[in-house]
Amino acid sequence: MSFYRELRAHFGHRKWWPADTRFEVCIGAILTQNTAWKNVAKAIERLKDASALDPLTIHRLSHEELADLIRPAGYFNVKAGRLKNFISHLVRSHEGNLEAFLSQPMESLREELLSIKGVGKETADSMLLYAAGKPIFVVDAYTKRVLHRHGLIDGRADYDTVQDLLHAELDPDVELYNDFHAQFVAVGHHCCKKKPRCELCPLRGFLPEFAQAMPDGPTNQT
DNA sequence: GACCAGGCACATC
DNA sequence: GATGTGCATGGT
């Protein structure tokens with residue numbers, strides 16, 4: 001869709017997610033819940049420095065040790081529990097083998113992820129798209145804010161509504177979903193933060209008239 | 001010193 | 001089912 005083309009032309013390919021391994025993507029997805037990525041990066045760095053960025057090592061750490069390592073990411077007690085929940089599930093159901101866990105079909109994998117306490121829709125979908133390479137669109141605060149600021153969704157639209165809209169508009173293409181979501185984050189950082197429509201916004205052409213055309217418009221041709 | 005940042009589970013009505 | 005609250009650090 002042209003909305004994506006504008007962003008892509010402005011920001012270039014974003015090459016997401018910022019992580020070296022699939023496991024790091026999963027850990028980052030939990031740590032970034034309601035938290036600035038800068039703080040998450042610090043926490044991940046601390047895990048790396050402690051040689052603790054792998055399932056079995058984290059599984060063996062005490063709650064206190066893990067919480068202390070991820071302290072910079074905030075909510076460290078909550079998140080230590082959530083990381084433990086995720087890894088306990090991985091160890092119990094797949095002997096700690098993340099590749100095996102992620103290689104199952106998307107539907108059952110999503111259901112399994114959502115059954116883990118501390119993994120909600122956004123966290124599950126981030127893991128599905130960016131760690132497992134499944135074609136599912138990640139809806140986060142940036143996605144909603146940018147779409148809302150440009151008149152494409154209602155401000156109170158819930159997760160499923162926004163995701164359904166994107167799925168209906170776009171071909172189920174992992175590369176597209178990957179980079180498109182990253183573009184939302186880029187424009188969210190860049191200029192969609194406080195001002196509804198800033199002068200520099202690469203999407204400034206997409207205002208109400210486009211919004212009206214969106215629901216049933218043929219916007220998914222590349 | 002407020003206010004915000006790539007959520008989620010749980011309590012309450 | 002909708003709405004409110006706790007969780008916490010670090011940057012602006």
Side-chain angles (χ1 to χ4, degrees), chain A residues 4 7 11 13-20 22-47 49-50 63-89 110-132 134 136-150 152-163 166 177-196 198 203:
Chain A
Y4 173 64
L7 287 169
F11 293 108
H13 195 289
R14 306 303 299 166
K15 300 185 169 48
W16 254 37
W17 173 293
D20 296 331
R22 295 164 187 267
F23 185 66
E24 192 176 326
V25 172
C26 296
I27 298 306
I30 292 173
L31 291 179
T32 198
Q33 292 168 356
N34 201 36
T35 300
W37 182 259
K38 221 169 224 181
N39 294 350
V40 176
K42 282 183 186 165
I44 289 180
E45 205 51 42
R46 285 164 65 86
L47 287 169
D49 289 346
H63 175 96
E64 288 71 24
E65 290 168 327
L66 180 56
D68 187 57
L69 283 171
I70 63 169
R71 178 174 291 271
Y75 305 130
F76 48 82
N77 278 313
V78 173
K79 287 175 181 174
R82 291 177 180 175
L83 290 175
K84 284 280 193 180
N85 289 345
F86 173 70
I87 287 163
S88 295
H89 182 91
R110 187 169 199 261
E111 207 170 313
E112 207 171 319
L113 285 167
L114 290 174
S115 75
I116 301 169
K117 292 285 176 222
V119 177
K121 288 173 183 172
E122 182 189 330
T123 306
D125 290 345
S126 296
M127 293 182 187
L128 284 165
L129 178 62
Y130 291 107
K134 311 289 187 189
I136 192 158
F137 208 105
V138 178
V139 176
D140 62 5
Y142 291 127
T143 313
K144 284 188 191 171
R145 187 163 66 219
V146 175
L147 288 174
H148 176 53
R149 291 283 161 79
H150 294 273
L152 298 176
I153 59 169
D154 185 276
R156 301 165 307 174
D158 65 17
Y159 192 97
D160 293 334
T161 304
V162 179
Q163 190 176 53
L166 289 161
Y177 287 3
N178 177 316
D179 191 55
F180 201 160
H181 175 251
Q183 301 289 346
F184 276 128
V185 177
V187 75
H189 281 148
H190 181 65
C191 64
C192 227
K193 215 164 185 176
K194 300 208 166 149
K195 291 186 228 165
C198 85
L203 294 173

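Since we're looking at a predicted model, the values are computed, not measured. Reminder, nothing fancy here: chain letters follow the sequence lines and each chain counts from 1. Quick note: numbers below take in every heavy atom, side chains included, and nothing from hydrogens, waters or symmetry partners.
Relative to the side chain of A:E122, the nucleotides C:dG10, B:dC8, C:dG11 differ in distance, and B:dC8 lies closest. Nearest to the side chain of A:A36, among C:dG11, C:dT9, B:dA5, sits B:dA5. Listed nucleotides: B:dC10, C:dT12, C:dC7. Nearest to the side chain of A:K38: C:dT12.
Side-chain atoms of A:S88 come within 3.5 Å of backbone N or O of A:K84 as a donor-acceptor pair.
Atom P of C:dT5 sits at a distance of 16 Å from the matching atom of B:dC3, rounded to the whole Å. To the nearest whole angstrom, the two P atoms, one in C:dA8 and one in B:dC10, are 15 Å apart.
Contact annotation: A:K79 does not reach the phosphate of C:dT9 (side-chain N/O to OP1 or OP2, under 4.0 Å). In terms of phosphate contacts, A:T123 brings a side-chain nitrogen or oxygen within less than 4.0 Å of OP1 or OP2 of B:dC8. Residue A:N77 places at least one side-chain N or O under 4.0 Å from the OP1 or OP2 atom of C:dA8. Residue A:R145 places at least one side-chain N or O closer than 4.0 Å to OP1 or OP2 of B:dA5. Remark: A:N39 is not in phosphate contact with C:dG10, judged by side-chain N or O atoms under 4.0 Å from OP1 or OP2.
DNA chain C is contacted by both A:P72 and A:R82; A:R82 maps to the nucleotide lying nearer its 5′ end (nearest heavy atom per residue). Position along DNA chain B of the nearest nucleotide to A:D140 versus A:L114 favours A:D140 as the more 5'-ward residue.
The CZ atom of A:F86 sits 14 Å away from the P atom of B:dC8 (whole-angstrom rounding). Atom pair A:D125:CG and B:dC8:C1' shows a separation of 14 Å (rounding to whole Å applied). Atom P of nucleotide B:dA9 and atom NZ of A:K121 are separated by 11 Å, given to the nearest angstrom. One atom, OH of A:Y75, and another, C1' of B:dC8, lie 10 Å apart when rounded to the nearest Å. Rounded to an integer number of Å, the gap from A:D158 CG to C:dG1 C1' is 12 Å. Between the CD1 atom of A:I30 and the P atom of B:dA9 there is a distance of 11 Å, given to the nearest Å. Atom CG in A:L31 sits about 14 Å away from atom C1' in C:dC7, given to the nearest Å. With rounding to whole Å, A:N85 atom CG is found 11 Å from B:dA9 atom C1'.
As judged by a 4.0 angstrom heavy-atom cut-off over every strand, A:A141 is placed among residues touching the sugar-phosphate backbone only. Counting non-hydrogen atoms under 4.0 angstrom, A:V119 reaches the backbone sugars and phosphates but no base. Among the protein residues, A:I70 comes within range of no part of the nucleic acid, since none of its heavy atoms lies under 4.0 Å from any strand. Contact annotation for A:R71: backbone-only contact, meaning every heavy-atom pair under 4.0 Å involves sugar-phosphate atoms and none involves a base.
Taking the six-membered ring for Trp and thresholds of 30 and 60 degrees, A:Y130 and A:H181 have ring planes inclined between 30 and 60 degrees apart. Ring-plane geometry between A:F137 and A:F180 is classed as perpendicular, the angle between the planes exceeding 60 degrees on a 0 to 90 degree scale with a lower cut at 30.
Each of A:D140, A:T143, A:D125 was scored for a side chain to side chain donor-acceptor pair (under 3.5 Å) with A:Y159, with one residue passing: A:D125.
Between the CZ atom in A:F11 and the CZ atom in A:F184 there is a gap of 11.5 Å [rounded to 0.5 Å]. Of the inter-residue distances, the one linking A:N77 atom CG with A:L66 atom CG reads 10.0 Å to the nearest 0.5 angstrom.
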